[in-house]
Each structure stands twice: as structure tokens, then as C-alpha cells.
Amino acid sequence: MEKKIILGIESSCDDTSAAVFENNIKLSNVIASQKVHEEFGGVVPELASRAHQQNIVPVVHQAIEKAGVKISDLDAIAYTKGPGLLGSLLVGSSFAKSLAYALEIPLIEVNHMQAHILAHFIEDDEQTAPQFPFLGVTISGGHTQLVEVKDYFTMKVIGETLDDAIGEAYDKCGKMLGLDYPAGPKIDQLAQLGDPKKFSFSKPKVEGLNFSFSGLKTAVLYFLQREHQKNNNFIKENLNDICASFQFTVVGILMDKIKKAVASTGIKNVAIGGGVSANSAIRNALLKAEANGQLKAFIPKFEYCTDNAGMIAVVGYYSLLQNRTAGVNSSAQARLPLT
Ligand code: KG4
Ligand code: ZN
């Protein structure tokens, strides 16, 4: 296929993002994160939707300008169809549909979870794409999934969370500790200064390759309440150790399931994605497992871990190669399954 210029649009949660790609190579990837949710300790859907409406035009404009192309150079528009918050998705989908219609170019629907996995295929000196088949591990504020990936469009969820997502566990635990939203990066940072064996939290007993994080959240809550009764400065005096012990438990839960998935599928290539893949302890645990010969780890460049339109544009490129384009009836879908 000759060179194609693709505009990607992502608006599934609280980041408005637009990217311009030439095939699978980034020309620009602009992300506007919404600060409005911080004071509420979590994403407020109605506010997210309104902020997307304010951001979408300037973000797309900036992505096109940064890429050094003209709007008339675009060959296709790829947008996040789902899963995500409906009000947020609708802003990106309406914009993408209208622009594709006006420019008379193909429109491409992208599954957000598939995009987190295929972010590894963005051609960039700072990351290597895994070979098929591989295990995709999508860990974010909204999702925790183990996916068997046979090729770009053949993916099967083999394990997922039954309750809270892994990033949600970080954010909720952080809230109990008085940390700002999203608390994941802060807990990660403080954990590096603490003792991971200081406090112990039990791991949930979940069958097969599924996960559960709500029990851990409750265990941390009761633990903090108990200790607070004895010493009302407990959190302040032990913050680093609490973070380290919590993180140690979470990484243990995740790594146990990854190793179990490697054993049961016989697939050793493990590619992580999603905001939580920025976590230092998860990265270290994967590299340690790789050094022990248990698996081969693929860790995306940070920019492509969190929600961004680059990953949407790259799926757009692979979709275009297979003529997977959408019609005028294309629309957002909050609960969009992976396969
Ligand atoms: O993929 P993402 O940007 O948005 C969703 O689709 O959810 O992920 C955001 C999540 C938040 O829960 C945030 O706390 C978490 O990723 N996160 C981290 C780290 N950096 C971001 N969690 C643990 N350690 C980190 N370093
Ligand atoms: Zn995401």
C-alpha cells in the first residue's frame, strides 16, 4: 500500500487526544489531559464529556499542524468506538464521522483495548513489536485483561478482573491514603522508598486467569482503620511502607496470573499496555522473569502506555490494510467487547 496519512482520535475517558500517522509512524500525538476531575478524586462522566467538547477542535488542529500536513492530505480517520464512557466517546465519534464525511475519506472504528495492545506496533526506535502469537496484558484505570493475540485482529480474552481494575485499586487505595487522583504514579514513587514486606495483605483466591482487586481494597481500608485507632498519625508515619506493601501485593497478584497464562498457553511473549504499565515494580518484575528465562517482556514507550490517539491511528493503519472501514451508521458503544 502506498503511504497513507491517518488521523486518530481518542476520547474514551478523560484524555482528549489526536494523532497524525504516516502508515505506522507517528507524525504527531497530542494529548490534552483533563484536570477538572482531580478535586473529585475520580473521573466525573458529565464533566469529561464537556471537557472533550472544548478540547477536540484545538487538539485535532494542533495534531495536524505539528505533523506538518494539511487537512486535505488526510487519507482516513480512525476513532475510538469503545469501550468507555458514552458521553466522552460520542464527542470523538461525532467529530470523526463528520470530518470523514466532509472530506469524503474512509472512517475506521477502533476498539480501545485492542489499541492498547497494538500500540506496540507503532514504529519507534524506543520500542520493539512482539511477534505473534503473544500475550497482551492490558492494565489501566478501567481494565485488567489477559489477551491471547494471534494477529492484529484475532484476539481472545483469557482472563480479566471480576471487579475493580488494577489502576482503580491504586487510585482507591491512594484516596484512602490522602493522595491526589490519579494516585498510581504517586504510590509507585513512594513505594520505592518503603519496605514491601513491612505489612502483609493476602492475595485473593480467584480461579483460572481472572483477577479480583476489590478484596485487597477492603483489606487495606480495614487495616488503616484499625491502625488509625491505635495511632492517628499511622498513615503519615508509615506512608512509604504502606505504599510499598500494597504495591508488592498487587504486583504479586499480576505476576502470578501472567506466569500461569504463559504456562497454560505455552506463549512466552508478554506485551503489556495501559496506564499501569508505566509502573516501575511491574516493569522490574517482568524484566526479572525475562532474565530467569520464564518469558520475554515487551514494554511500550511511556507515551504509548496511557490513553493516546497514536494507538488509535496505528490500528487505523492496520485496518486500512485490510479494508476494514465503517459506514455512515458507525457509532460509539460504551460496552464494546474485544472480539
Ligand atoms: O490507560 P490510562 O491512562 O487510562 C485508562 O484507560 O484507565 O490509565 C490510567 C491509570 C490510573 O489508574 C493511574 O493511577 C494508573 O493508570 N497509573 C499507574 C502508574 N501510572 C499511571 N499505576 C501504577 N503505577 C504507575 N506508575
Ligand atoms: Zn486506556
Side-chain angles (χ1 to χ4, degrees), residues 6-20 28-63 77-101 107-119 138-145 161 164-168 170-172 180-184 273-276 303-316 326 329-338:
I6 300 152
L7 171 68
I9 292 176
E10 156 64 30
S11 71
S12 66
C13 189
D14 60 342
D15 295 299
T16 320
S17 179
V20 177
S28 67
N29 188 18
V30 177
I31 305 165
S33 297
Q34 304 176 359
K35 296 273 171 238
V36 58
H37 310 287
E38 272 173 20
E39 62 177 297
F40 299 99
V43 178
V44 183
E46 180 55 34
L47 295 181
S49 175
R50 278 189 236 165
H52 282 304
Q53 288 178 30
Q54 286 167 350
N55 292 341
I56 189 90
V57 172
V59 163
V60 169
H61 187 76
Q62 217 182 322
I77 299 179
Y79 80 94
T80 306
K81 178 179 174 69
L85 301 169
L86 191 60
S88 291
L89 290 165
L90 280 170
V91 178
S93 66
S94 321
F95 186 92
K97 271 175 78 172
S98 318
L99 190 57
Y101 189 68
L107 177 71
I108 299 161
E109 300 176 332
V110 176
N111 181 302
H112 182 87
M113 301 314 292
Q114 181 192 16
H116 271 304
I117 292 171
L118 296 186
T138 28
I139 41 179
S140 71
H143 300 272
T144 309
Q145 286 186 332
T161 185
D164 292 351
I166 186 168
E168 204 177 343
Y170 266 94
D171 297 335
K172 287 180 174 169
D180 288 342
Y181 174 86
V276 183
E303 177 187 349
Y304 308 134
C305 281
T306 50
D307 289 349
N308 71 92
M311 67 185 194
I312 306 303
V314 84
V315 180
N329 291 331
S330 172
S331 64
Q333 196 176 322
R335 292 179 172 271
L336 181 67
L338 187 58

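Worth knowing before you read on, the calculation uses all heavy atoms, side chains too, and leaves out hydrogens, waters and symmetry mates.
Here Ile31 contributes atom CD1 and Asn308 contributes atom CG; the two are 5.0 Å apart, rounded to the nearest 0.5 Å. Atom CG in Asp14 sits 12.5 Å away from atom OG in Ser49 (nearest 0.5 Å). To the nearest 0.5 Å, atom CG of residue Leu99 and atom CD1 of residue Ile56 are 10.0 Å apart. Atoms CD and CD, on Gln34 and Gln54 in that order, are 9.0 Å from each other to the nearest 0.5 Å. With rounding to the nearest 0.5 Å, the separation of NZ in Lys81 from CG in Leu107 is 9.5 Å. Note: Leu90 CG to Leu85 CG = 10.5 Å, rounded to the nearest 0.5 Å.
Between the side chain of Ser17 and the backbone N or O of Ala309 there is at least one donor-acceptor pair closer than 3.5 Å. Under the 3.5 Å distance criterion, the side-chain polar atoms of Asp171 are matched with a main-chain donor or acceptor of Ala183. Between the side chain of Ser28 and the backbone N or O of Ala63, at least one donor-acceptor pair lies under 3.5 Å. Looking at Gln53, its side chain never comes within 3.5 Å of a backbone N or O of Asn55 through a donor-acceptor pair. Remark: the backbone N or O of Pro83 is not paired with any side-chain donor or acceptor of Asn111 at under 3.5 angstrom. In this structure a side-chain-to-backbone donor-acceptor pair under 3.5 Å is missing from Thr80 to His112.
His116 and Thr138 form no side-chain donor-acceptor contact under 3.5 Å, judged by distance and modelled atom types alone. In this model, a donor atom of one side chain and an acceptor atom of the other lie less than 3.5 Å apart for Glu303 and Asn29. Side-chain contact check for Ser331 and Gln333: no donor-acceptor pair (N or O, by modelled atom type) lies under 3.5 Å. Between the side chains of Asp15 and Ser33, at least one donor-acceptor pair of N or O atoms lies under 3.5 Å. A donor-acceptor contact closer than 3.5 angstrom links the side chains of Ser330 and Tyr79.
Looking at heavy atoms from C-beta onward, Ile108 lies out of side-chain contact with Ile77 at the 4.5 angstrom threshold. You'll find the side chain of Val315 reaches within 4.5 Å of the side chain of Gln114, heavy atoms only. Counting heavy atoms from C-beta on, the side chains of Tyr304 and Val314 never come closer than 4.5 Å. Under the 4.5 Å side-chain criterion, counting only non-hydrogen atoms from C-beta, Val60 is in contact with Leu7. Residues Asp307 and Cys13 meet the side-chain proximity criterion, which asks for heavy atoms closer than 4.5 Å. Proximity of Leu338 to Gln145: side-chain heavy atoms (C-beta onward) are separated by under 4.5 Å at one or more points.
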